[in-house]
Amino acid sequence: MSVSRRGFLKGLGSLLPLPVMASLPGTARAASRSPNFVFYFVPNGMVPARWEPAEEGAGYVLPELLEPLAAVRDRVTVLTGMANPPASASTLGMDHARCTSAFLTCADLGRMDAPPGYGVSIDQVLAEGLGRDLRFRSLVLGSESSLSCTLDACARLHHVSWSDLATPMAVDIHPSSVFARLFGVAAADGQSAAARVRERAARQSVLDHVIGQVGDLQRVLGGDDQLVLQQYLDGVRDLERRLGVSGTLSCEAPELALSGLDPTSHAEVMNRLIVLALQCGQTRVVSYMLGHGQSERTFGFLGYPGGHHSYTHSGSDLGVRAICRWEVARFADLVARLAEVPTATGSLLDDTWVLLGSGMGHGADHEAVRLPLLLAGGEGGGFVQGRHLRQPDGTPLSRLYLSLLQSAGLPQTTFGDDGDRPLLELG
Amino acid sequence: MRRAGPTRRTTLSLVLLGACGLPSDVPDEGDDTAPPADEVAEPLVPGVPLRRLTRAEIERSLEALYGLDLDLRTRLPDDDLVEGLDNQASGLTVPELLLEQLDRLALELAREATARVARPTDVQRVEVEDVPPATGVAVELPSAEGTWWLLWGRAAPVELTVQAPADGTYALRVPAFSTWGPGVAQADLELRVDGVTQGVRTARGSQEAPDHVTWPLALTAGSHAVSLRLRNGSLSSGVAEDGSSVELGEVGVGLDAVELRGPLAADEGAPGALRARLVPCDPEEPRAQVACAEQVLADLAPRAWRRPVTSPEVQALVRLVEAAMDGGATWDDGLATALHALVLSPHFLFRVERGEGPVDAGTRALTPHELATRLSYLLWAEPPDAALRACADAGALVLPEGDCGLAAQVDRLLADARATALVERFGRPWLDVADPARAQPATDAFLEALLLGDAPLEAVVTGEGMDAAVADPSRPGGALALPEVLRATSEGDRTSVVARGVLVAARLLCDPPDPPPREVPMLEPGDNALAALDAHRANPACASCHQGFDPYGEALEAYGPDGQVRTAYADGAPVPARATLPDGSEVAGAEGLADWLAANPALRACVTSQVGRYAWGVPLGEAGGLLHALQVEGRDRGGSMADLLRAVALHPAFRRLRVAGEAP
């Protein structure tokens, strides 16, 4: 049986639930594999009145903040009406912390009585399900370093990716580091087979050695120390897992300027590295923070020398609007780059879901409603792009994540605090 | 990896940041409810969880281990800051990315440490025919240039003198061949230097393809007598290729010259600079390989793990070398594997504290090396140096007196230049000026004088007792008058009374405001800072919180956004001359605020708690008795910041560990 993409779409329209779609034979994805995922976080919300299109469906007029999408609008869906109730219900005191930490977790990361395994972000659930045979189960990337913050909420401003409530995923913000991680393996290509075997044996012996040491420490140290020892052991086990993964790259390292970058160049290099990571089969899941949760990045190059967060609370929204458009342009750049990479059945974008979002709707009022969400790609599975899909007000973000999990072929039927069913309308 | 320009950005963004979790009810010195210092026999020992090294500490620890200058800011992930500090236990999780990057770093450094580097070195060459031995004959060879000296049978030695230009490692190299060639019988040469044998080497080359025979030498500067002798010239039989015995008559050797190469920063086949420091033995000798690995690792492991290392632990590392060599790796690669394990080890990454001796009131004494480690990371942000390790080795660190005693060592560490690490690791984060891209030298100078000088602790706001060059008397306010601090608490071309007020409240009085309630609207800042102030006063929802910290910022309004002194705003309105502080006191400008702060016991209490959480890695909120004791002790010792640091380092609670599961 063979179904062309167009024929598939004509026959089934847009109401098909994703799980069915993913299992349908003959689609590009069913013939190959489940998709890649990129979560593109932007800080401090947007300006909903200048973001939400007036019209629904395919013929909508691009509102001001979405104008930078023009070249790729056919590959992007605007989702409006969505909210993240767990962010609103969070016990964390700081607005930006509760909205940021709940963005990919749909959970209350201030909870004191959380059960084990609570607070895992969507990218890490996908990483666990899809990434075991890859060098990187996920890449967790960003663009800004830490800033001073309070006792409890600090990490909850700087991380959207969490492997559980107590464990934020460290963010790699340096293109040079990401590049070395992706392509450092190439240095081994010139080795003889025997040398590679020797090196792998040596690295395994190092890991065995330190695993033995941490085992000794687990026996003698107290209960409070077991958590960090377990984090250490998990990290070492992941190094061990990687030793079993082929280090051969399916593509060559390009020439890239990796330092001395202005914010725009930094974001573009990160986009290129994200594309390369997916293209080269190094990972299937990426999260990227274009700024941390209360970013005060300055935008003098746009004519707005103040801090981003400060502009969200200033009387004029001119600065925020300029910054938001800049952010959307960075996302559009990523979408365009993914679309440029050909695959056997289409483009890399067809096999990748790319979600732009922020933890809050309007940066001025800190509420996790009217969330700005752009969903790109995924057309290899039959999804029709290029539309504005308005959801009933307050539709939980977690349902979108459940849909994504199901498109990956993963078995979860719930997600976060309130993800009870997929966002069926997506199909 | 090498140090490059600053890349980190840090922005003061306290405005919306919430409760710091520090106790606002720290007992002050006049508090009757607090126990007097001399009755605090065993104050609460803070429960310090297992902590890993911070990125900065990893960097300094690797620098100390390998003697390299490293910049790991783009090589390891950022630590999660907790109220500005990067060494707080609650922020020091162990993310996968850290392990991935530490693994790569450990391997790279191990390879660098074992690399042999070829560099040009001095070569002294003496032709054998110029120092002719008593026997033998000079020949010209069709296959090799120059004149060769042939020796055979009971040959006389070649004797000459070489000059070593400096103390160091050298290689003595002799181009040579065996007259019988390889496969039958090769000539064995023995080298003696100043009468001491340097071992026997075999001349493996043939007449058609002469080879080099090389001995590594450690020579002192000056002249040395060299003697080279054919050991097996009388050998009468050899073994042919087919295994049969061959009558030789005698064995001969052809010698071209004697070359002394060095001193070796490095030469081909000789240690590289880093390698030369780490590998003092000769792994070329097959029988010495294990002993050499053991020697290297027994020296490095205690430094890497900051404690004595047991023989089984060294043997486990040596086995990594042996296993690699069994698999076909070179000794160098085998050692690199062990060095890789040394740095990836949890004993390197974590500050493991287990204590020793009896449990008393739920606490136990740290071992001398654990105490040495606490001290050096507290005052230097790096591992113990050789002197401190020696004191710990001798068990003398716990003694009250003597050069190795705790007091003497604390003084030594504080007087050492390495103590200026406190400026970057503690002082700058404490005052929220940790962004290296915006760092001003004046801030470093002020903080160094404050933290390590004799001025009283209150000089943080008064500058009292400090050199006029670091605390300008015409700019009252101490640290609050530093242009970098004032810049960090301004937004663009206007000051922020809120940011300045929060800095004073949170970091100098430990009374940070709560986050704004969700229903409180955000206000548009006006043209000058006072507009925000007026708006906060006018709106009761704002006033209830902002009146608790805005006035501190108001008192600093005579300093503009870049710290410039001003009397009026750009719109002509005068800056306020007086401010009414939260307790109702009316103060005149920065000087008035400074005097009020200096007289407020909460300042010393707060600074003590800030130093305390830096020292222990946890807030000392549950250990109020300890905070009080440290305050009193610091003041009694003289009252400076250095005295407070001494009080911390010498306090019994600093050398004890709370035993897990046995809360007092």
Side-chain angles (χ1 to χ4, degrees), chain A residues 93-96 140 144-155 158 166-174 176-177 180-181 184 194 198 201-202 205-206 209-210 213-214 217 220-225 228-229 231-232 234-236 238-239 294 296 305-307 309-310 313-315 364 366, chain B residues 8-14 16-21 49-50 52 74-75 77-84 90-91 93-101 103-104 316 320 323-324 327-329 333 337 340-341 344-347 349 352 354 432 434 491-492 514-515 518 522 524-525 619 660-661:
Chain A
M94 294 168 56
D95 292 342
H96 285 265
V140 177
E144 275 193 292
S145 184
S146 306
L147 58 81
S148 177
C149 57
T150 66
L151 192 65
D152 295 322
C154 172
H158 296 159
T167 316
M169 299 293 292
V171 183
D172 196 344
I173 63 171
H174 303 290
S176 60
S177 165
R181 293 167 66 202
R198 273 204 302 277
S205 73
V206 168
H209 183 84
V210 301
Q213 289 183 320
V214 80
L217 287 173
V220 298
L221 292 179
D224 292 348
D225 298 333
V228 282
L229 287 175
Q231 289 173 346
Y232 173 89
D234 289 346
V236 174
D238 195 55
L239 293 174
Q294 192 169 320
E296 282 286 14
H309 173 248
S310 296
H313 298 299
S314 76
H366 297 162
Chain B
R8 220 173 62 152
R9 285 187 66 251
T10 309
T11 309
L12 181 83
S13 191
L14 284 165
L16 294 175
L17 306 187
C20 77
L50 180 66
R52 67 166 171 85
T74 64
R75 298 294 311 271
D78 288 352
D79 298 312
D80 282 318
L81 304 185
V82 177
E83 274 200 87
S90 62
T93 58
V94 188
E96 277 178 13
L97 179 60
L98 175 70
L99 267 293
E100 178 194 332
Q101 295 189 314
D103 180 57
R104 180 187 298 272
L320 291 174
D333 287 345
T337 299
H340 183 182
L344 189 62
S345 166
H347 295 289
L349 183 61
V352 178
R354 297 183 56 195
D432 256 319
E491 292 169 7
D514 290 331
R518 293 187 198 177
M522 300 298 295
E524 176 186 355

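The chains referred to below are lettered A, B, ... by the order of the sequence lines, with proteins before strands, and numbering in each begins at 1. None of the values given here were measured: they were computed from a predicted structure.
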Open item on the list: Using the salt bridge (Lys or Arg N to Asp or Glu O under 4.0 Å) criterion, which residues pair with B/Asp79? Sequence neighbours excluded.
Closed with: B/Arg52

Open item on the list: Would you compute the distance between atom CD of B/Glu491 and atom CD of A/Glu296 and round it to the nearest 0.5 angstrom?
Closed with: 6.5 Å

Task: Top contributor to chain A contacts, counting heavy-atom pairs under 4.5 Å, from B/Ser345, B/Pro77, B/Pro346, B/Gly327 - done: B/Pro346

TODO: State, to 0.1 Å, how close B/Glu100 and A/Leu239 come at their nearest heavy-atom pair, and which atoms those are.
DONE: CA-CD2, 3.8 Å

Open item on the list: Does any part of the side chain of A/Leu217, heavy atoms only, come nearer than 4.5 Å to the side chain of B/His347, both counted from C-beta?
Closed with: yes

- [ ] Report yes if the side chains of B/Leu50 and A/Leu229 come closer than 4.5 Å at any heavy-atom pair, otherwise no.
- [x] yes

TODO: Quick one: closest heavy-atom pair of A/Arg198 and B/Gly328, and the distance?
DONE: CD-C, 3.4 Å

Open item on the list: Heavy-atom cut-off 4.5 Å, strictly under: side chain, backbone, both or neither for A/Val140 against chain B?
Closed with: neither

Open item on the list: I'd like to know which of B/Leu98, B/Thr337, B/Asp333, B/Leu349 tops the heavy-atom pair count under 4.5 Å against chain A.
Closed with: B/Thr337

- [ ] Search all heavy atoms of A/Ser145 against all heavy atoms of B/Asp78 and return the closest pair with its distance.
- [x] OG-OD2, 2.6 Å

Task: Separation between OG of A/Ser177 and CZ of B/Arg104, rounded to the nearest 0.5 Å - done: 8.0 Å

Task: Distance-minimising heavy-atom pair for A/Pro168 and B/Asp80 - done: CG-OD2, 3.8 Å

Open item on the list: Less than 4.5 Å apart, side chain to side chain, heavy atoms only: is that true for B/Leu99 and A/Asp238?
Closed with: no

Task: side chain to side chain contact (heavy atoms under 4.5 Å, CB included) between B/Leu344 and A/Val206, worked out - done: CA-CA 8 Å; B/Leu344 189 62; A/Val206 168; 4.0 Å; yes

- [ ] Under 4.5 Å heavy-atom distance to chain B, tell me which part of A/Ala194 shows up: side chain, backbone, both or neither.
- [x] neither

Task: Side-chain heavy atoms of A/Val228 within contact of B/Pro49, under 4.5 Å - done: no

Open item on the list: I need the residue from A/Ala201, A/Ala170, A/Gly306 with the largest number of non-hydrogen atom pairs under 4.5 Å to chain B.
Closed with: A/Ala170

- [ ] Name the region of B/Ala329, side chain, backbone, both or neither, that has any atom closer than 4.5 Å to a heavy atom of chain A.
- [x] both

Open item on the list: Need one label for A/Ser205: side chain, backbone, both or neither, based on atoms under 4.5 Å from any heavy atom in chain B.
Closed with: both

Open item on the list: Less than 4.5 Å to any heavy atom of chain A: does that hold for the side chain of B/Leu320, its backbone, both, or neither?
Closed with: side chain

- [ ] Mind checking salt bridge (Lys or Arg N to Asp or Glu O under 4.0 Å) for A/Asp172 and listing every partner two or more places apart, or none if nothing turns up?
- [x] A/Arg181

